[in-house]
There are 2 protein chains.
Amino acid sequence: MRRNTWQRDAVKAALEAQDAFVSAQQLHAVLRDEGTGVGLATVYRALADLAAGGGADSLQSAEGEALYRACTPGQHHHHLICRNCGVTVEIEADPVEQWAKAVAAANGFTRPEHVVDVFGLCPACSAAVS
Amino acid sequence: MRRNTWQRDAVKAALEAQDAFVSAQQLHAVLRDEGTGVGLATVYRALADLAAGGGADSLQSAEGEALYRACTPGQHHHHLICRNCGVTVEIEADPVEQWAKAVAAANGFTRPEHVVDVFGLCPACSAAVS
DNA sequence: CTTCTTATTGATAATGATTGTCAACATCAC
DNA sequence: GTGATGTTGACAATCATTATCAATAAGAAG
């Protein structure tokens, strides 16, 4: 039986308040600063549950850290991520879906899945660098 | 000044002998089994050098481990990876390159890069599962 | 070939994210 | 309200990766 706890809600709310990918550690720090004494282990568990349930997307940063972001559930999509500030935009990638399937089939691979993420500099960060 | 050592060559050779993505730990075990007493730290350093020099590709496994594979240098390409046995095929992805650029530009993002990997079951593993 | 400089090695300690443990606690069906 | 049990959280444990640093060996110079 799954129980609803204020800790899980707090993690979910904190995640949805972010518009960028954040690590479990960062989210834990945010919750600590807000005064909500949610344990680190609980943050990890809540994020894992969210990701498993489709309420969040996860990816590995270049440093090997696991990052999470709230996402629109039930819909397959990918991300356009600013490598400077982390701002993230959900994007559709129908052409890529087709291409991935075709390439997998052409090589005899079955049950294809794919990891597709685009990194760049968002408009604000582009301006800041130039 | 960069010096050539037999340890670096051993790591490079061991990596090229693999046709799948392997972790630094696995490669270290292989070298140990071969009788070559190459240190773990050296394996990590050699792999980092290879990746930086374009002689190897790296990606993060779902468990957060860093995996490496020898690759054809100087050419941009992606991978089709068996999620069961790890066998890897290099693939071209011109349509995706164009798509990534277009999507980034449409959202005002500059200097786009992308992570594109396709996972599936290779012919052998597909047969084994069914 | 010998010597000298210094990049490299490797055993080990340190780091840091993530997961396991388990007693105390809180949720929800009844 | 009450009890069975899912959940929490402080802390220990794990595991990949990185830093440390004395000992070694590659390569330049003579």
Side-chain angles (χ1 to χ4, degrees), chain A residues 1-15 18 20-53 55-69 81 83 86 115, chain B residues 1-15 18 20-53 55-70 81 83 86 115 117:
Chain A
M1 172 200 318
R2 164 159 296 173
R3 290 177 181 171
N4 296 326
T5 64
W6 64 266
Q7 287 96 332
R8 239 196 284 268
D9 289 340
V11 171
K12 191 178 178 189
L15 184 64
Q18 306 289 330
F21 273 88
V22 292
S23 69
Q25 308 271 350
Q26 288 170 345
L27 214 52
H28 177 240
V30 168
L31 289 166
R32 176 171 297 278
D33 291 346
E34 285 178 352
T36 57
V38 179
L40 179 57
T42 302
V43 175
Y44 275 100
R45 280 185 290 242
L47 287 175
D49 284 353
L50 278 173
D57 282 325
S58 67
L59 62 80
Q60 306 275 336
S61 76
E63 297 81 37
E65 232 180 339
L67 304 181
Y68 297 87
R69 170 132 201 282
I81 306 155
R83 79 170 71 89
V115 176
Chain B
M1 172 200 317
R2 165 159 294 175
R3 291 175 181 171
N4 296 327
T5 64
W6 65 266
Q7 286 98 332
R8 238 195 285 268
D9 289 340
V11 171
K12 192 178 176 188
L15 184 64
Q18 306 289 329
F21 273 87
V22 291
S23 69
Q25 309 270 350
Q26 288 170 344
L27 214 53
H28 176 240
V30 168
L31 289 166
R32 175 171 297 280
D33 291 345
E34 285 179 351
T36 58
V38 179
L40 179 58
T42 302
V43 174
Y44 274 99
R45 280 185 290 242
L47 286 175
D49 285 353
L50 277 173
D57 281 326
S58 67
L59 61 79
Q60 307 275 337
S61 77
E63 298 80 38
E65 232 180 342
L67 304 180
Y68 297 87
R69 170 134 201 283
I81 306 155
R83 80 169 71 87
V115 176
D117 291 302

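In what follows, every chain begins at residue 1, and chains take the letters A, B, ... in the order their sequences are listed.
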Margin query: On DNA chain D, compare the nucleotides closest to B/Met1 and B/Ala66; which residue's is nearer the 5' end?
Written below: B/Ala66

Check: So which nucleotide from C/dT9, D/dT17, C/dA17 ends up closest to the side chain of B/Ala24?
Finding: D/dT17

Check: OP1 or OP2 of C/dT27 sitting under 4.0 Å from any side-chain N/O of A/Asn4?
Finding: no

Note to self: Using only atom types and a distance under 3.5 Å, with no angle test, would you say the side chain of B/Thr36 pairs donor to acceptor with the backbone of B/Val38?
What the structure shows: no

Next item on the list: Mind running side chain to side chain contact (heavy atoms under 4.5 Å, CB included) on B/Phe21 and B/Leu59 for me, showing each step along the way?
Entry: CA-CA 8 Å; B/Phe21 273 87; B/Leu59 61 79; 3.6 Å; yes

Next item on the list: Return the value, rounded to whole Å, for the distance between atom CG of B/Leu31 and atom P of C/dG10.
Entry: 10 Å

Check: So does A/Thr5 get a side-chain nitrogen or oxygen closer than 4.0 Å to the phosphate oxygens (OP1/OP2) of C/dA26?
Finding: no

Next item on the list: Examine distances only and state if a side-chain atom of B/Arg8 and a backbone atom of B/Arg3 form a donor-acceptor pair shorter than 3.5 Å.
Entry: yes

Next item on the list: Give the rounded distance in Å between these two atoms: CD of A/Glu63 and P of D/dA16.
Entry: 19 Å

Check: When we call it a touch if two heavy atoms are under 4.0 Å apart, what does B/Arg45 touch: a base, just sugar-phosphate, or nothing?
Finding: base

Next item on the list: When you get a sec, tell me which of C/dT9, D/dT17, D/dG9 is the closest nucleotide to the side chain of A/Trp6?
Entry: D/dG9

Item checked: B/Asp49 CG to D/dT18 C1', straight-line distance once rounded to whole Å -> 14 Å

